[in-house]
Amino acid sequence: MKLVSFNINGIKARGPALTRWLDAFRPDVLVMQEIKSVDDAFPREIFEDRGYHLATHGQKGFNGVAIASLLPLSDVTRGLPGDDDDAQSRYIEATVQGATRVLRVCGLYLPNGNPVELDGAGAPVPGGKYAYKLAWMARLRARAEALLAAETPFVMLGDYNIIPQAEDAARPKAWEADALFRLPSREAFRKIVNLGLTDALRACTQAPDNFTFWDYQAGAWDRNDGIRIDHILLCPQAADWLQDCGIDRAVRGEEKPSDHVPIWAEMAL
DNA sequence: ATGGTTGGCCACCAA
């Protein structure tokens with residue numbers, strides 16, 4: 001079965017491009033980010049007409065995540081545990097029933113974190129976007145720990161807004177001070193991976209130039225000035241079920257594309 | 001290295 005993460009950058013603008021890709025690729029389970037829609041305005045028929053179950057967690061104007069699945073979906077939960085005051089829609093979980101196995105699918109849109117605001121001592125300014133990013137990552141790590149402790153097979157996939165290593169950017173120097181690549185961001189990502197999770201793409205290839213995002217600006221796509229920030233992390237059990245992983249980069253060159261492309265994992269479920 | 005584009009939505013913010 002094919003499991004995919006795709007930051008669609010606005011469902012209202014992405015209808016034609018998304019449906020073309022959906023019909024060509026036919027994912028079994030799809031998590032989306034930046035739907036930029038409230039739940040009531042989401043065009044559910046795009047998915048339901050094609051036989052998908054759909055769970056959305058949207059908000060007005062920004063953010064918003066969703067899960068579409070050909071396999072039965074159950075136990076949908078919305079929001080990342082750990083902060084009841086967090087009003088941003090960035091996290092959704094659901095249980096997917098495969099032919100022989102059950103998988104907890106965690107779809108996430110990790111905060112961008114820019115601009116990086118630091119105080120005189122170099123600490124993130126409380127209430128700033130960078131502090132929010134790091135706090136969110138600590139909550140995500142706690143959630144992964146809880147799922148590991150419960151021995152619930154799970155995958156955490158989505159737009160992490162993290163460039164894990166220099167080979168994951170065409171021009172790493174340009175990103176050194178950015179919230180997507182600065183060392184504390186990469187350390188926080190490693191602390192999650194180091195719980196024992198597998199980066200699905202890196203389990204299948206060490207090649208550089210496996211980007212998932214190219215900015216709309218300055219001809220980034222034409223110059224292949226990209227970064228790898230969309231990731232699929234697997235718990236040890238789910239990693240045993242991984243068969244292949246790749247990035248559907250051609251989507252970026254089609255008409256009216258998102259600035260991200262799908263990353264997929266083939267799993268024995 | 002810098003400047004630049006798109007989405008949501010209606011004055012700009014976010015990326």
Side-chain angles (χ1 to χ4, degrees), chain A residues 5-22 31-44 46 56-66 80 86-91 107-117 124-125 127-137 157-164 166 168-182 185-186 188-189 211-231 247 249-263:
Chain A
S5 171
F6 190 2
N7 180 324
I8 62 174
N9 191 20
I11 187 63
K12 297 175 182 72
R14 209 60 59 219
L18 179 61
T19 51
R20 265 187 278 117
W21 173 80
L22 203 54
V31 303
M32 288 167 277
Q33 304 85 34
E34 287 202 87
I35 65 174
K36 295 185 176 179
S37 168
V38 294
D39 293 338
D40 286 346
F42 192 94
R44 303 183 64 90
I46 290 176
T56 61
H57 179 40
Q59 72 179 80
K60 185 182 170 70
F62 306 104
N63 307 322
V65 290
L80 180 63
D86 187 354
Q88 300 190 30
S89 296
R90 297 179 171 275
Y91 190 82
L108 63 102
Y109 176 45
L110 204 147
N112 176 294
N114 286 303
V116 176
E117 299 170 90
V125 173
K129 292 188 172 184
Y130 194 61
Y132 176 63
K133 178 178 192 144
L134 293 182
W136 205 95
M137 294 182 81
L157 73 170
D159 179 355
Y160 279 77
N161 271 315
I162 292 286
I163 302 165
D168 297 315
R171 297 181 303 125
K173 277 267 175 224
W175 295 93
E176 270 176 3
D178 193 282
L180 276 59
F181 189 56
R182 64 193 308 270
S185 304
R186 284 181 281 139
F189 182 74
F211 306 137
T212 64
F213 170 91
W214 296 260
D215 202 295
Y216 288 126
Q217 302 180 85
W221 168 247
D222 294 325
R223 297 186 292 117
N224 193 28
D225 182 9
I227 51 178
R228 186 173 78 95
I229 55 174
D230 299 85
H231 308 299
I247 293 162
R249 84 146 49 203
V251 173
R252 187 64 175 81
E254 292 171 11
E255 195 176 340
K256 213 165 160 45
S258 170
D259 42 6
H260 294 249
V261 297
I263 173 171

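Below, chain A is the first sequence line, B the second, and so on; all start at residue 1.
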Can you tell me the Watson-Crick or wobble partner of B/dA11, both distances under 3.5 angstrom? none

To the nearest angstrom, how far is A/Ile35 atom CD1 from B/dC9 atom P? 11 Å

Measure from NZ on A/Lys60 to C1' on B/dC9 and round the result to the nearest Å. 7 Å

Can you check the A/Leu18 CG to B/dG7 C1' distance for me, whole Å? 15 Å

Taking atom C1' in both B/dA15 and B/dG3, what distance in whole Å separates the two? 15 Å

Gap between atoms CZ and P, on A/Arg223 and B/dT2 respectively (whole Å): 13 Å

Are any of A/Lys129's side-chain N or O atoms less than 4.0 Å away from OP1 or OP2 of B/dA14? yes

Does any nucleotide pair with B/dG3 by Watson-Crick or G-U wobble geometry, both distances under 3.5 Å, and what is it? none

Ignoring hydrogens and angles, tell me if any N or O in the side chain of A/Ser185 forms a donor-acceptor pair with the backbone of A/Phe181 under 3.5 Å. no

Reckon A/Phe213 touches a base, only the sugar-phosphate, or nothing at all at heavy-atom distances under 4.0 Å? nothing

Close side-chain approach of A/Asn114 to A/Lys129, heavy-atom, < 4.5 Å: no

B/dT6, OP1 or OP2 - any side-chain N/O from A/Lys256 closer than 4.0 Å? no

Which part of the nucleic acid, if any, lies within reach of A/Arg90 when heavy atoms closer than 4.0 Å are counted: base, sugar-phosphate only, or nothing? sugar-phosphate

For A/Lys173 and B/dA1, is the shortest distance between a side-chain N/O and OP1 or OP2 below 4.0 Å? no

Distance in angstrom units between A/Asp159 CG and B/dA15 P, rounded: 10 Å

Of A/Asn114 and A/Gly61, the one whose closest DNA chain B nucleotide lies more 5': A/Gly61

Is there a side-chain contact between A/Ile8 and A/Trp21 in this structure, where contact means two heavy atoms from C-beta onward sitting under 4.5 Å apart? no

Atom NE2 of A/His260 and atom P of B/dA15: how far apart are they, to the nearest Å? 10 Å

When A/Tyr216 and A/Pro111 are each assigned the nearest nucleotide of DNA chain B, the 5'-most assignment goes to A/Tyr216

Checking all strands, does A/Ile11 fall into the base, sugar-phosphate, or nothing category for heavy-atom contacts under 4.0 angstrom? sugar-phosphate

By the 4.0 Å heavy-atom rule, please label A/Ala218 as base, sugar-phosphate, or nothing. base

Could you give the CD-to-P distance, from A/Glu34 to B/dC13, as a whole number of Å? 17 Å

A/Trp214 CH2 to B/dG3 C1', straight-line distance once rounded to whole Å: 21 Å

Using atom P of each nucleotide, how far apart are B/dA14 and B/dC10 to the nearest Å? 15 Å

What is the ring orientation for A/His231 with A/Tyr160, classed by angle as parallel under 30°, tilted 30 to 60°, or perpendicular over 60°? tilted

So do the side chains of A/Asn7 and A/Phe213 get within less than 4.5 Å of each other, counting heavy atoms only? no

Could you tell me if the side chain of A/Val125 sits less than 4.5 Å from the side chain of A/Tyr130, heavy atoms only? no

B/dG8 and B/dT2: how far apart are their C1' atoms, nearest whole angstrom? 27 Å

Using atom P of each nucleotide, how far apart are B/dC9 and B/dT5 to the nearest Å? 22 Å

